[in-house]
Structure formats: structure tokens, C-alpha cells
Amino acid sequence: KLGKNINRPTQSKFSDFTPKLSSEASSEASCEANVSCEVSETNTNTCQAMEEENDKPTEREKTAESLDAVLAAIANLKSDFSSKLDGILSAIETVRKDVNECAKRVGEAEARISATEDSITTLEAKVRTLENNNKDLEDKVLDLEARSRRSNLRLVNLPEGAEGEDACVFLENWLPEVLNLAPLRTALTLERAHRVGQKSMSNTAAPRTMIIKFLNYKDKMTVIRAARAKGQILFKNRPVRFYEDLATGVHKNKKSLTP
């Protein structure tokens, strides 16, 4: 009996603690579950954070990417610079060829100019010689022309047709009469007499000048002296004049010498 009594209380006591233990165990289990949940959540968050950190580029990767970009830009610049430099070098080579060609042409032009200058110097000397010779020839021709006209006189304002058909015969008879040349030893002899220029059909036009060529120079000088001595000479109440038949060059020379 005693043994039964002892066992009973013990069982009752254990039976009393059983619910408590079970509740405590359940609470501990729940705590452990909560802890495990929290740990799992923490681990999950940690993994996610680590994954995010792994996904994010590191500074080294950023630096490497920046360096790659810089190197790529440098490579592009190098390529562009190389292409542009090739173009510049090609242009410089073209310019060099053009300059060499221009220098060659300039050298040839200088040689031709030098030869031309030498030729011009020679030609200028020849031209001066020819000008001097031409001047001498002009003087000689002028002298010959003046000498060929020394026996000539110009009769101005003699009416047209007054000389008739033979001017020489008319003048040989009229000149001694009008100039009072009767006491001449020999009669006047004219080689030729003619009017200068084309006859005008107008009645109001001035008569053409008549050129009188004497066969003897002395007769010409006798007539011109007599005309100057008489002064006014009339033909049918119309004044006529006598002039020396001078060449144009002689007339210009005399005019230049007149003050």
C-alpha cells in the first residue's frame, strides 16, 4: 500500500507537469520556428543583398569599362587622324608636284625672257640704225624733191579755162606782158604747166592752183622777182598770186625757223 501511495502522488505530480512541459515545448518549438523563420528570412535577405551586390558593377569593373571606352575613343581618333593625315600628305604631295612644275615653268620662262631681252636689245640697236638711215633717206628724198621743184612756180586764183587748150603757150605770152618782161634776151620757155587736183563742177568753187615748170631756173627767178616787185597782178580785173613751189618738208622747216 505504501508503495502504491508513493507511486500515485508521483504520477500525479508528473501528470501535473506534463501539460506545462508540453506547453513549454510547444512555445520553444514555436520560438525555434520563429527563429528559424527569421534566420531564413535573414539568410534570404542576405542572399538577395549579395546577389544585388553581385549584380551591381564594382568600381574596378566601372574603371575597366571607362578605360575600354577611352581606348575605343582613342582608337577612333587614331583612325580618323590617320585617314585625315593620309589625305593631308596626299594633298601636300600634289602641291609639291605643282610647285615643282611651276618652278620648272618659271625657270623656262626666265630663260625665254632672258633670250627675248637679248633679242630686244639687238633689235633696238637695229631699229635705231634703221631710224637713222630712214632719217637720212628722208632728208635725201626731201632734198631731191626740193631740187626737182626749184624751177616751179604756183599760180593761184587764175580762173578755170583761162589758159585755153595749151597752158604753156598761154603763159609764155601772158607772163611777159603782165609782168613787163619785154626786154628779156630770150623768150620764156615752159617745160610743163597743169592744174592741181580734180576740177569742181560748182561755179562758186575756187579755181585750182596751176603749177608752172620753167625750162630754165633763171627764167623762174626772173618771173618771181618781177611778181614781187609789181605787187598786185590782175587777170581781167581778178587778182592772181605767184608762190614758190616748195615741198611740204621744206615748208615745215621754214615755218619752224620763223619766230
Could you tabulate the donor-acceptor pairs under 3.5 Å formed by side-chain atoms of residues 145-155, not counting sequence neighbours?
from: E145; atom 1: OE2; to: R149; atom 2: NH2; distance (Å): 3.1
from: R147; atom 1: NE; to: D143; atom 2: OD1; distance (Å): 3.4
from: R147; atom 1: NE; to: D143; atom 2: OD2; distance (Å): 2.9
from: S148; atom 1: OG; to: L144; atom 2: O; distance (Å): 3.3
from: S148; atom 1: OG; to: E145; atom 2: O; distance (Å): 2.7
from: R149; atom 1: NH1; to: L246; atom 2: O; distance (Å): 2.9
from: N152; atom 1: ND2; to: D245; atom 2: OD2; distance (Å): 3.0
from: R154; atom 1: NE; to: D245; atom 2: OD1; distance (Å): 2.9
from: R154; atom 1: NH2; to: D245; atom 2: OD1; distance (Å): 3.4

Checklist entry - How far apart are the C-alpha atoms of T222 and Y217, what are their side-chain angles, what is the distance that settles it, and do they pass the side-chain contact (heavy atoms from CB on, under 4.5 Å) test? => result CA-CA 9 Å; T222 300; Y217 173 75; over 6 Å; no
Checklist entry - Are there more than 12 heavy atoms of other residues, nucleotides or ligands under 6.0 Å from atom NZ of K78? => result no
Item to check | side-chain hydrogen bond (donor to acceptor under 3.5 Å, both in side chains) partners of D139, counting only residues at least two apart | outcome: K135
Checklist entry - In terms of hydrophobic clustering (I, L, V, M, F, W, Y; side-chain heavy atoms under 4.5 Å; direct or indirect links), are V169 and L158 co-clustered? => result no
Checklist entry - In terms of hydrophobic clusters joined by side-chain contacts under 4.5 Å, are M210 and F170 together? => result yes
Next on the checklist: For S202 and S200, which I'm curious about, is there any donor-acceptor pair between the side chains at under 3.5 Å?
Outcome noted: no
Checklist entry - Linking Ile, Leu, Val, Met, Phe, Trp and Tyr through side-chain heavy atoms less than 4.5 Å apart, which residues share a cluster with F81? => result L85, L89
Next on the checklist: Under the rule for side-chain hydrogen bond (donor to acceptor under 3.5 Å, both in side chains), what residues qualify as partners of E93, not counting sequence neighbours?
Outcome noted: R96
Next on the checklist: Contact between V223 and L181 at the side-chain level, heavy atoms closer than 4.5 Å - yes or no?
Outcome noted: yes
Checklist entry - Any salt bridge (charged side-chain N to carboxylate O under 4.0 Å, His left out) pairs touching residues 158-171, not counting sequence neighbours? => result E160-R195, E160-R208, E163-R195
Item to check | side-chain hydrogen bond (donor to acceptor under 3.5 Å, both in side chains) partners of N134, counting only residues at least two apart | outcome: E138
Checklist entry - salt bridge (Lys or Arg N to Asp or Glu O under 4.0 Å) with K220: which residues, sequence neighbours excluded? => result E244
Checklist entry - Sequence neighbours excluded, which residues qualify as side chain to side chain contact (heavy atoms under 4.5 Å, CB included) partners of Q198? => result none
Next on the checklist: Using the side chain to side chain contact (heavy atoms under 4.5 Å, CB included) criterion, which residues pair with I74? Sequence neighbours excluded.
Outcome noted: V70
Checklist entry - Does a side-chain heavy-atom distance below 4.5 Å link T189 with F214? => result no
Next on the checklist: Ring-plane angle category for F235 and W174, please: parallel below 30°, perpendicular beyond 60°, tilted otherwise.
Outcome noted: perpendicular
Checklist outcome for this item: Hits for side chain to side chain contact (heavy atoms under 4.5 Å, CB included) against N253, two or more places apart or cross-chain, chain-then-number order -> L142
Checklist entry - Mind checking whether I233 and P239 have side chains closer than 4.5 Å, heavy atoms only? => result no
Checklist outcome for this item: Apart from L71 itself, members of its ILVMFWY cluster (side-chain separation under 4.5 Å) are none
Next on the checklist: Can you confirm whether more than 12 heavy atoms, excluding those of H251, are under 6.0 Å from its NE2 atom?
Outcome noted: no
Under 3.5 Å donor-acceptor pairs involving side-chain atoms of residues 115-126, not counting sequence neighbours:
from: T116; atom 1: OG1; to: R112; atom 2: O; distance (Å): 2.7
from: S119; atom 1: OG; to: A115; atom 2: O; distance (Å): 3.0
from: T121; atom 1: OG1; to: E117; atom 2: O; distance (Å): 2.9
from: T122; atom 1: OG1; to: D118; atom 2: O; distance (Å): 3.1

Item to check | Side chains of P207 and R238 in contact at under 4.5 Å (non-hydrogen atoms) | outcome: yes
